[in-house]
Amino acid sequence: GSITSLLQQPFVALFDPIIQNDSFGQVMAKNLTKAKIITNPSMSLLVSKTLQSQINKLFQCGFQMVTGCDFMTAYETIMSSDDRKQANMVEMLDEIEEWVLIMKHYCFVVAGGGCKESNV
C-alpha cells in the first residue's frame, strides 16, 4: 500500500529540483545525470518536472492536502523582511539573474492527510 493507507496521519515534505522545460532545466538535468543523481529516465526528477506535477503526484498517492511553491516564491512571500535581509548578505552568486533562476528551479511541497483509497 501507499504511505497514505499505511499511516494514520501521513505527512510528507519534499525539497526537490523542478527541471521544467527550459534551457536552464536542461543543463540542470544534464549535470544531475553526469553526477549520477539521475540514473534512469523514469526517475521522479525527470517525470515531475514542474511544481504542479510534484503536487499532482502527491494527490495521486492519496494525500488530501498538498501545497507547495518554488523557492523564489517562498523568498518573496513566506520569509520575513529580516530573514530576506540576512539572506541578501550572503554573496554566493555574482549575478542576481542566476540566483533567481536557481530559486525558480527548486520547490518545497508539503502533503498531509490520507484517504482510504489511493490511485497509486
Side-chain angles (χ1 to χ4, degrees):
S2 70
I3 189 172
T4 56
S5 63
L6 296 173
L7 298 176
Q8 190 173 24
Q9 294 181 341
F11 178 85
V12 170
L14 299 177
F15 158 70
D16 265 342
I18 43 177
I19 303 295
Q20 303 184 36
N21 293 311
D22 59 10
S23 58
F24 186 88
Q26 290 172 357
V27 170
M28 197 172 161
K30 184 188 290 185
N31 291 339
L32 291 170
T33 301
K34 187 176 179 180
K36 298 188 184 338
I37 293 169
I38 295 176
T39 57
N40 91 43
S42 65
M43 288 187 70
S44 179
L45 286 174
L46 296 177
V47 175
S48 302
K49 291 183 176 184
T50 65
L51 173 62
Q52 190 59 53
S53 64
Q54 291 280 3
I55 290 170
N56 292 344
K57 172 177 62 179
L58 292 173
F59 274 126
Q60 290 169 0
C61 287
F63 286 97
Q64 293 175 340
M65 298 170 288
V66 183
T67 190
C69 63
D70 65 49
F71 278 22
M72 193 67 214
T73 301
Y75 174 81
E76 293 173 333
T77 62
I78 297 171
M79 290 179 66
S80 69
S81 61
D82 288 341
D83 288 340
R84 284 193 301 272
K85 285 177 190 173
Q86 187 174 5
N88 290 341
M89 289 192 287
V90 177
E91 291 187 37
M92 67 174 213
L93 299 172
D94 296 332
E95 302 271 338
I96 190 73
E97 293 84 9
E98 185 180 1
W99 180 77
V100 169
L101 269 173
I102 291 169
M103 295 288 280
K104 288 185 175 184
H105 281 81
Y106 283 86
C107 69
F108 183 67
V109 181
V110 294
C115 58
K116 292 182 181 178
E117 301 235 359
S118 172
N119 297 332
V120 176

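Pairing each heavy atom of Cys107 with each of Gln54, the nearest pair is SG-CG, 4.1 Å. Minimum heavy-atom separation, Ala111 to Val66: CB-CG2, 3.8 Å.
Hydrophobic clustering (ILVMFWY, side-chain heavy atoms < 4.5 Å, transitive): Leu58 and Leu7 are in one cluster. Cluster membership for Met28 and Val100, using ILVMFWY side-chain heavy atoms within less than 4.5 angstrom, is shared. Linking Ile, Leu, Val, Met, Phe, Trp and Tyr residues whenever their side-chain heavy atoms come within less than 4.5 Å places Met79 and Tyr106 in a single cluster.
Counting only residues at least two apart or on different chains, the side chain to side chain donor-acceptor pair (under 3.5 Å) pairs with a member in residues 70-81 are Asp70-Thr73, Tyr75-Asn88, Ser80-Asp83.
Looking at residues two or more places apart in sequence or on another chain, you find no ring-ring contact (aromatic ring centres under 6.0 Å, His included) involving Phe108. Residues that satisfy the side chain to side chain donor-acceptor pair (under 3.5 Å) test with Asn56, not counting sequence neighbours, are Gln52.
Separating the NZ atom in Lys57 from the OG1 atom in Thr50 is a distance of 10.0 Å, to the nearest 0.5 Å. Rounding to the nearest 0.5 angstrom, the gap separating the CH2 atom in Trp99 from the CE atom in Met72 is 4.0 Å. Atom-to-atom distance recorded for Phe24:CZ and Ile102:CD1 is 5.0 Å, nearest 0.5 angstrom.
Listed for the Thr4 side chain is no donor-acceptor partner under 3.5 Å among the backbone atoms of Phe63.
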### Task
Show your working on side-chain contact (heavy atoms from CB on, under 4.5 Å) between Val110 and Thr67 and close with a plain yes or no.
CA-CA 6 Å; Val110 294; Thr67 190; 3.7 Å; yes
Which pairs of donor and acceptor atoms, one on a side chain in residues 33-40, lie under 3.5 Å apart (sequence neighbours left out)?
{"from": "Thr33", "atom 1": "OG1", "to": "Ala29", "atom 2": "O", "distance (Å)": "2.8"}
{"from": "Asn40", "atom 1": "OD1", "to": "Ser42", "atom 2": "N", "distance (Å)": "2.7"}
{"from": "Asn40", "atom 1": "OD1", "to": "Ser42", "atom 2": "OG", "distance (Å)": "2.6"}
{"from": "Asn40", "atom 1": "OD1", "to": "Met43", "atom 2": "N", "distance (Å)": "3.4"}

Sequence neighbours left out, cut at 3.5 Å: what donor-acceptor pairs do the side chains of residues 12-23 make with other protein atoms?
{"from": "Gln20", "atom 1": "NE2", "to": "Lys104", "atom 2": "O", "distance (Å)": "2.7"}
{"from": "Asp22", "atom 1": "OD1", "to": "Gly25", "atom 2": "N", "distance (Å)": "2.7"}
{"from": "Asp22", "atom 1": "OD1", "to": "His105", "atom 2": "NE2", "distance (Å)": "3.1"}
{"from": "Asp22", "atom 1": "OD2", "to": "His105", "atom 2": "NE2", "distance (Å)": "3.1"}

